[in-house]
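A quick write-up on the structure given underneath.
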Amino acid sequence: MIGEFIDGPLWYFSITAFVIGVVWRIVAIVRAGLKPDLSIARGSAGSGAVRAIFSRFVPERTVTTRSRLQLIAGYMFHVGLLVLLFFAQPHVDFIAERITGFDWPAVPHWVFIVTAEFAFAGLILLWLHRVLNPVTRLLSDLDDHIGSILVFLVMLTGCLALAQSHESLRLLHLFLAEVFLIYFPFSKLMHAFTFVMSRGYTGATMGRKGVNA
Amino acid sequence: MSEQFEQGVAALRNQIDARISSYLSSCVHCGICAEACLFYTETQDPRYTPIHKIEPLKKLWKTENTFWGKMAKSMGLIEPLTESDFAQWEELIYDSCTLCGRCSMVCPVGNDITYMIRKIREGFSVAGYAPDGMKEATKRALNIGSPMGVTLKTLKAALAHVERDTGLSIPIDKANADYMTLFSSMEIVNFPEYIESIAKIFDTAGVSWTISSKAFEATNSGIQIGNRDAAAELVGRVVNAAETLGVKYVVSPECGHAYTAIRWEGPNLIGRAYDFEVIHILELLDKLKVEGRIKLSGKDDTPMTLHDPCQIVRRGGVVDPPRNLLNSVADHFTEMQDHGVMNWCCGGGGGVSANERAEPLRLKAFDRKKHQLEELGVNTMVTACANCRIILEEGLEHNEMDTEVVSLTELLAEHLQSGNT
Ligand code: HEM
Ligand code: SF4
Ligand code: SF4
């Protein structure tokens, strides 16, 4: 049965592809190499890196004034997604059963609903901005749209599955999540991991110079 | 496909390190960097979005380093990097970027876009795609020793003038002096007052200093055009001169990119650390003030503001000294709203000022500074870079504004209390 396949082998395949793919990408980045910096440091590269990894969550004034919509929508979507991903009851159960072996408190149903609405609104706003704004339109490629649409579909089927508690909807949601996992390492979705490296590299360089970046 | 183009692509490939790979992997195409770049904000032209400027580098990385890119290339869905990409992007990476670094401060995933633009120029300059003005400046720097063609004779004439005006004697090639000072050609030609100012300050403070007849030029056109070999040659001259004289410090003058060149890129270009330290003139003046070796008297009550040279402040890390110094001589110093590491560029850095064809765009980009000044309503702008100064003065004149541009070092020299020992 297709259901058993989605629930069994495909799940193991996709999670394996995801983990190996992500590690592969990160290793490839590190292996591109970095020459040691021979100039005398004014400040610390290490604390500069740590600082930038966190400080970039708080935007500069230029961004808060000139890119406010994106900023708000971006946070709505990402915080929402994070909460849904790790604190929705079905996810907690699923992760506890298949990966961790232990569970943790999930958010109440009404919080789930509100969070989902925020996440949807954020993602839709970001995508509309992407296709309407001349700058993002110029920058965007197929990968950007596939990423957004895939995440959207995963979220949509997830909500439907929860609302209808219908087995075939649950399987459809799981199937799309598996496609998402397989697609992830090959795509811009990698930013969820590599942002730590980018911020770290930049923060380290600027930290050596004594600039808080 | 020409051989020179092939070499350019090879040079570009060589630039792809872990930093660039992580940046290209992280970019979410959000376009936020555009809002930080004066070339975009003042024109609203999406092509001036910082990350878009490195598109050829991204294309190379994508078709050679990513799964979809390699696949698409082998199926003929995207064509590899072509010479026409270089031809089209030359204007974007040279005319519409001053390497000011502002975009790198706002990217949500932390990309140092400026670093990538600096690096993509390496490939372009090898392939021969660089503005004529910058090519010629680099040639003059290598052959004559100065991008503006200033020779030792010109310097000596300027120094003789200073000696006559101040009654001081200026030490040349003095072995084992503590400080060896460099100048930018622009200071020698347009602002000899700067030389006069440091001569007076050093004399008052009892600083042991000298100027090398072998290497007095601080600017580095190689860095701006993105030619590693030229940049290394120019840095090497200063390093040789300083190490031969046995000085403890080399003083980088009031010039932005000169500081980046000698302080941060230099050791990496020549492949070793120096036997001396590099200090920026503002750091040195701040140090002399803190140590009580110079005393400043009489505060100016003219309202003043500070224009931060990008390469000294945001990209150089000399953030507090200019503020400490200015506050000690100005009673009414107010900051522009975006200042310090978030200042807006004058529009002429990164070699743009040596690139004649970029002038109309540069004057358009100056609207940002104009707006900042109008918002603040202060008519005296202090700065610490000869290039910024020229560019600011041109922009002000173009806009018929009567703001005065003042050198911080010169301002300090005016407030110097002589014989304070
Ligand atoms: C499970 C993890 C994540 C997923 C699935 C994800 C997914 C996405 C998607 C689909 C978009 C595109 C939205 C659009 O513009 O259409 C996006 C944009 C973005 N993501 Fe993530 N993301 C994740 C984690 C992160 C993290 C940890 C960061 C931290 C820096 C981050 C930062 C961003 C930024 C800055 C944007 C651009 C928003 C804009 O267009 O203004 N993401 N993400
Ligand atoms: S470095 Fe400055 S001029 Fe260049 S793209 Fe970034 S913000 Fe624009
Ligand atoms: S701000 Fe950063 S992530 Fe956004 S488009 Fe520019 S480089 Fe890419």
Side-chain angles (χ1 to χ4, degrees), chain A residues 25 28-40 42-43 52-53 56-57 59-63 65-67 70-71 74 126 129-130 133-144 185-188 190-191 194-203 205-206 208-213, chain B residues 16-23 25-36 40-41 44-47 49 51-52 65-68 101-102 104-112 115 263-274 277-278 313-319 337-338 341-342:
Chain A
R25 286 288 303 269
I29 291 171
V30 174
R31 285 197 41 193
L34 210 56
K35 294 211 182 76
D37 195 334
L38 301 169
S39 63
I40 303 173
R42 179 185 283 123
I53 288 171
R56 287 284 163 113
F57 284 116
E60 286 288 344
R61 204 182 70 89
T62 292
V63 183
T65 52
R66 307 177 73 98
S67 309
Q70 264 176 294
L71 183 67
L126 282 178
H129 181 269
R130 183 171 293 289
N133 180 284
V135 169
T136 41
R137 208 166 46 216
L138 175 69
L139 297 180
S140 299
D141 52 25
L142 189 61
D143 181 24
D144 294 311
F186 300 104
S187 71
K188 63 112 56 145
M190 274 303 289
H191 73 271
T194 54
F195 86 97
V196 179
M197 306 175 79
S198 305
R199 287 185 186 179
Y201 284 134
T202 300
T205 315
M206 299 309 274
R208 291 185 92 254
K209 294 182 177 182
V211 174
N212 294 332
Chain B
I16 300 177
D17 57 4
R19 282 178 74 183
I20 292 180
S21 305
S22 83
Y23 296 158
S25 303
S26 296
C27 178
V28 285
H29 294 163
C30 67
I32 285 174
C33 45
E35 301 295 346
Y40 171 75
T41 60
Q44 297 290 310
D45 183 343
R47 293 188 319 131
T49 301
I51 195 71
H52 181 65
N65 297 283
T66 70
F67 178 81
W68 295 126
R102 203 167 185 277
S104 300
M105 301 298 283
V106 304
C107 171
V109 298
N111 288 355
D112 189 348
Y115 173 77
R263 173 71 174 89
W264 299 115
E265 287 210 29
N268 299 309
L269 287 166
I270 65 166
R272 67 170 175 90
Y274 308 146
E277 278 182 48
V278 175
V313 181
R314 174 166 46 242
R315 301 299 275 184
V318 184
V319 187
Q337 195 166 25
D338 287 322
V341 298
M342 286 309 291

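Every chain is numbered from 1 and lettered A, B, ... according to where its sequence line falls, protein lines coming before strand lines. Computed from a predicted model, the values in this text were never measured in an experiment.
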I need the [X] [atom1] to [Y] [atom2] distance, nearest 0.5 Å.
X         : Y         : atom1 : atom2 : result
Arg314(B) : Asn212(A) : CZ    : CG    : 14.0 Å
Ile29(A)  : Ile16(B)  : CD1   : CD1   : 12.5 Å
Arg19(B)  : Leu34(A)  : CZ    : CG    : 7.0 Å

Could you tell me which portion of [X] (side chain, backbone, both or neither) has an atom closer than 4.5 angstrom to a non-hydrogen atom of chain B?
X         : answer
Ile40(A)  : both
Asp144(A) : side chain
Val30(A)  : backbone
Ala52(A)  : neither
Arg25(A)  : side chain
Thr205(A) : side chain
Pro36(A)  : backbone
Arg208(A) : both
Pro134(A) : both

If we ignore hydrogens and angles and just use 3.5 Å, is the side chain of [X] paired with the main-chain N or O of [Y] as donor and acceptor?
X         : Y         : value
Asp17(B)  : Gly33(A)  : no
Arg66(A)  : Ile32(B)  : no
Ser22(B)  : Thr194(A) : no
Thr202(A) : Gly110(B) : yes
Arg42(A)  : Gly316(B) : yes

Considering only heavy atoms, which portion of [X] lies under 4.5 Å from any heavy atom of chain A: side chain, backbone, both, or neither?
X         : value
Met342(B) : side chain
Val313(B) : backbone
Tyr40(B)  : side chain
Trp68(B)  : side chain
Val28(B)  : both
Ser104(B) : backbone

So do the side chains of His52(B) and Leu138(A) get within less than 4.5 Å of each other, counting heavy atoms only?
yes

Compare all side-chain heavy atoms of Cys107(B) with those of Arg56(A) and state whether any distance is below 4.5 angstrom.
yes

As an exercise: rank Leu38(A), Ile53(A), Thr65(A), Val211(A) by heavy-atom pairs under 4.5 Å with chain B and give me the winner.
Leu38(A)

Looking at Arg137(A), Arg130(A), Met197(A), which makes the most heavy-atom pairs under 4.5 Å with chain B?
Arg130(A)

Of all of [options], which one pairs up most often with chain A through heavy atoms under 4.5 Å apart?
options                         : answer
Ser25(B), Gly31(B), Ala273(B)   : Ser25(B)
Glu277(B), Arg315(B), Met105(B) : Met105(B)
Ala34(B), Ser21(B), Gly101(B)   : Ser21(B)

Closest approach of [X] and [Y], non-hydrogen atoms and distance?
X         : Y         : value
Cys30(B)  : Thr136(A) : O-CG2, 3.2 Å
His29(B)  : Asp141(A) : CE1-OD2, 3.5 Å
Ser198(A) : Tyr23(B)  : O-CE2, 3.6 Å
Arg263(B) : Ser39(A)  : O-CB, 3.5 Å

Side chain to side chain donor-acceptor pair (under 3.5 Å) for Arg102(B) and Thr62(A)? Distances and angles first, verdict last.
CA-CA 10 Å; Arg102(B) 203 167 185 277; Thr62(A) 292; 2.8 Å; yes

Under 4.0 Å between a side-chain nitrogen and a carboxylate oxygen: does that hold for Arg61(A) and Asp338(B)?
yes

